[in-house]
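Step one of this worksheet: look at the structure below.
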Amino acid sequence: MALLRPGDPVRSWLSGAAFLYGLAVRPRMWAYDCGWKKPIRLPCRVVSVGNLTVGGTGKTPMVILLTEWLQAQGQRVAVLSRGYKRTSTAAQVLVSDGERVLVGPAEAGDEPYLIANRCPKAIVAVGADRATVGRWLLDRWPVDWIVLDDAFQHRALYRDLDVVLIDAMDATGLDGLLPAGRLREPLAGLRRADAVVITRADSERDVAAVRARLQAVMTGHPVQAEVVFRSDDVVSVTTGERRGVDWCVGKKAWLVSGIGNSESFRRLAMENGLQVYGETAFADHYVYRSEDVDRMRAQVSRSNVEIVLTTEKDAGKLAPLLRPDDSWWALRLRADVRRGQDALQRLLHGVSHTLPPQGDVRA
C-alpha cells in the first residue's frame, strides 16, 4: 500500500491498521522512556537529526549545516547513517575518511554519499547498528562529535541532543500514524526533542498549521527554529561545472527527482525562474536504470526543453547513465535558518563545552 504524499489528508478508513501499528511501536518507546531499555553511550558527543514522519523533511541539508557549524568551532565530526537502500550488505561501510570519498551512492546510500561530498573533512560511515559503527569508527579516528542522520526512532544509541524536523508543507502528516497518516510514532514522542525545527517554512500559513498541531504535545522548553531551503547554484551532472542560479532564469526545463517531496523541488525550480515544461517524479531513493534515462531523454527531446534539472541527491546515481552531451543539471541546496539560529547554535555550543563521557558506558 502506497504511503500518503506530503500534505495529503489522513485515510480514516485505515484507522484500524494505524491503531495496530501504534500497539506495535508504543511498547518499545515506553521501555526506553521508563529506563527498562538502556541506550549505549559512546565516548563523544552525539546529536541526532530526525523526524516524526516518513519521507523527506530536509534532514540531509540540516545534517550538513550542523556539521559545518561544529567544524567551524574546531570540532572533529563524523556522520553516521543507516544508509537506506544501499546495495552493500557489510555491517559497516566507510563512505569518507575525511580526506576522500571512498564509495559511490549505490554502496553508501543516497544521503551519506551526498553528505560526504558536501562535508569533505567529515568522516562518514553507514551501518544498521549505529552504536557498533560508532565504536568501530572511534577506534580508528579521534572524533569530538557524531551527527546521526535520521535517528530519532533509533534509540539504542544515546544522544546528547535530539533535533527533530517537521515539514511545514506536511501539517496533515501529523494527524495519524502509519498507514492512515505519515507518523512513524505517536506525536507525543516530540517531548523527547531538544530542538524542534520547522522546515520549508516559506509560508507563515503553513508554519501556523504545524504549530497548531504541536501545541497540545509540546512540553518543557525545546529550542524552536524555522528553516527554509535556498539554492546555492546548479552543477552539471556530467562535467561538474557550476553556475549561479541566475543562469536558470527563463530556461525551459524538465524536472527529474526521486525524493520524498517532489512538490518542494518543483517549487524551488520555479522560484529560481525556470519554466517547467514537464516532470518525472520517482519514489524516494529510486534506483535509476538506463532504460529510465532513455525514456526521459526521449520525453525531453519531444518537449524541446533546454535543460533537465534534478536534485543533488539524484545526481550521483544518474551521472553514470548519462552521455557527455546531456544537459542535465543538479540544484544544490543549503539550509537557511530563518528563525532560531542563535538558540540552535547556543545549544550545540553548550554541549560542546561539557566533558564527554569516558569509555563505552550505558546510560
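Residues T238 and W328 bring no donor and acceptor atom of their side chains to less than 3.5 Å of each other. With no hydrogens or angles considered, a side-chain donor-acceptor pair links T311 and D314 at under 3.5 Å.
Distance alone, capped at 3.5 Å, places no donor-acceptor pair between the S257 side chain and the S262 backbone. A distance-only check finds no donor-acceptor pair linking the side chain of S96 to the backbone of V124 [under 3.5 Å].
A salt bridge links K317 to D110: one of the charged nitrogens lies within less than 4.0 Å of a carboxylate oxygen. At a threshold of 4.0 Å, the pair R339-E204 counts as salt-bridged, since one of the basic side-chain nitrogens sits closer than that to a carboxylate oxygen. Looking at K251 and E306, no side-chain N of the basic residue comes within less than 4.0 Å of a carboxylate O on the acidic one, giving no salt bridge. In this structure, D206 does not pair ionically with R200, as no charged nitrogen and carboxylate oxygen lie closer than 4.0 Å. A salt bridge does not link R155 with D162: every distance from a Lys NZ or Arg NE/NH1/NH2 to an Asp or Glu carboxylate oxygen is 4.0 Å or more. A salt bridge is absent between K59 and D149; no separation between the charged side-chain nitrogens and carboxylate oxygens falls under 4.0 Å. D202 and R230 are joined by a salt bridge, as a carboxylate oxygen and a charged side-chain nitrogen come within less than 4.0 angstrom of each other.
With rounding to the nearest 0.5 Å, the separation of CZ in R289 from CZ in R295 is 6.5 Å. Interatomic distance, CG of D129 versus NE2 of H154, reported as 6.0 Å (0.5 Å rounding). Interatomic distance, R213 CZ to L174 CG, rounded to the nearest 0.5 Å: 7.0 Å. To the nearest 0.5 Å, the span separating CG on L255 from OG1 on T280 amounts to 8.5 Å. Taken from CD in E226 to CD in Q341, the straight-line distance is 13.0 Å, to the nearest 0.5 Å. How far CZ of R130 is from CG of L42: 12.0 Å, rounded to the nearest 0.5 Å.
Every side chain to side chain contact (heavy atoms under 4.5 Å, CB included) that Q75 has, sequence neighbours left out, goes to R45, L70, Q73, V77, D144, W145, S352.
For the side chain to side chain donor-acceptor pair (under 3.5 Å) with T57, the lone residue among D167, N261, N51 that qualifies is N51. Results of the salt bridge (Lys or Arg N to Asp or Glu O under 4.0 Å) test with D233 over R332, R334, R243 single out R332 as the only residue that passes.
Between D194 and V163, the closest side-chain pair of non-hydrogen atoms is not below 4.5 Å. With contacts defined as side-chain heavy-atom distances shorter than 4.5 Å, the pair Y113/V101 qualifies. No side-chain heavy atom of L333 sits less than 4.5 Å from a side-chain heavy atom of F265. Considering only heavy atoms from C-beta on, C44 comes within 4.5 Å of L138 through its side chain. Between I40 and T132, every side-chain heavy-atom pair lies at or beyond the 4.5 Å cut-off. T354 has its side chain within reach of V351: a pair of non-hydrogen atoms, C-beta onward, lies under 4.5 Å apart.
L309 and V237 are assigned to two separate hydrophobic clusters, defined by single-linkage of ILVMFWY side chains at heavy-atom distances under 4.5 Å. Residues W254 and L268 do not share a hydrophobic cluster, clusters being chains of Ile/Leu/Val/Met/Phe/Trp/Tyr side chains in contact below 4.5 Å. Cluster membership for L177 and L190, using ILVMFWY side-chain heavy atoms within less than 4.5 angstrom, is shared. Linking Ile, Leu, Val, Met, Phe, Trp and Tyr whenever their side-chain heavy atoms come within less than 4.5 Å puts I115 and V49 in one cluster. Side-chain heavy atoms closer than 4.5 Å link hydrophobic residues (I, L, V, M, F, W, Y) into clusters, and following such links, possibly through other members, connects V207 to V217.
Ring geometry for W247 versus W329: interplanar angle of 30 to 60°, hence tilted. Between Y288 and Y286, the two ring planes are perpendicular [angle over 60°; tilted spans 30° to 60°].
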Report the C-alpha separation of V235 and E312 in whole Å, then their side-chain angles, then the decisive distance to 0.1 Å, and conclude whether the side chain to side chain contact (heavy atoms under 4.5 Å, CB included) test is met. CA-CA 8 Å; V235 182; E312 195 175 8; 5.9 Å; no
Please list every donor-acceptor pair under 3.5 Å in which a side-chain atom of residues 21-30 meets a protein atom from a residue at least two apart or in another chain.
| unit_1 | atom_1 | unit_2 | atom_2 | d |
| --- | --- | --- | --- | --- |
| Y21 | OH | R184 | O | 2.5 |
| R28 | NH1 | Q153 | O | 3.1 |
| R28 | NH2 | Q153 | O | 3.3 |

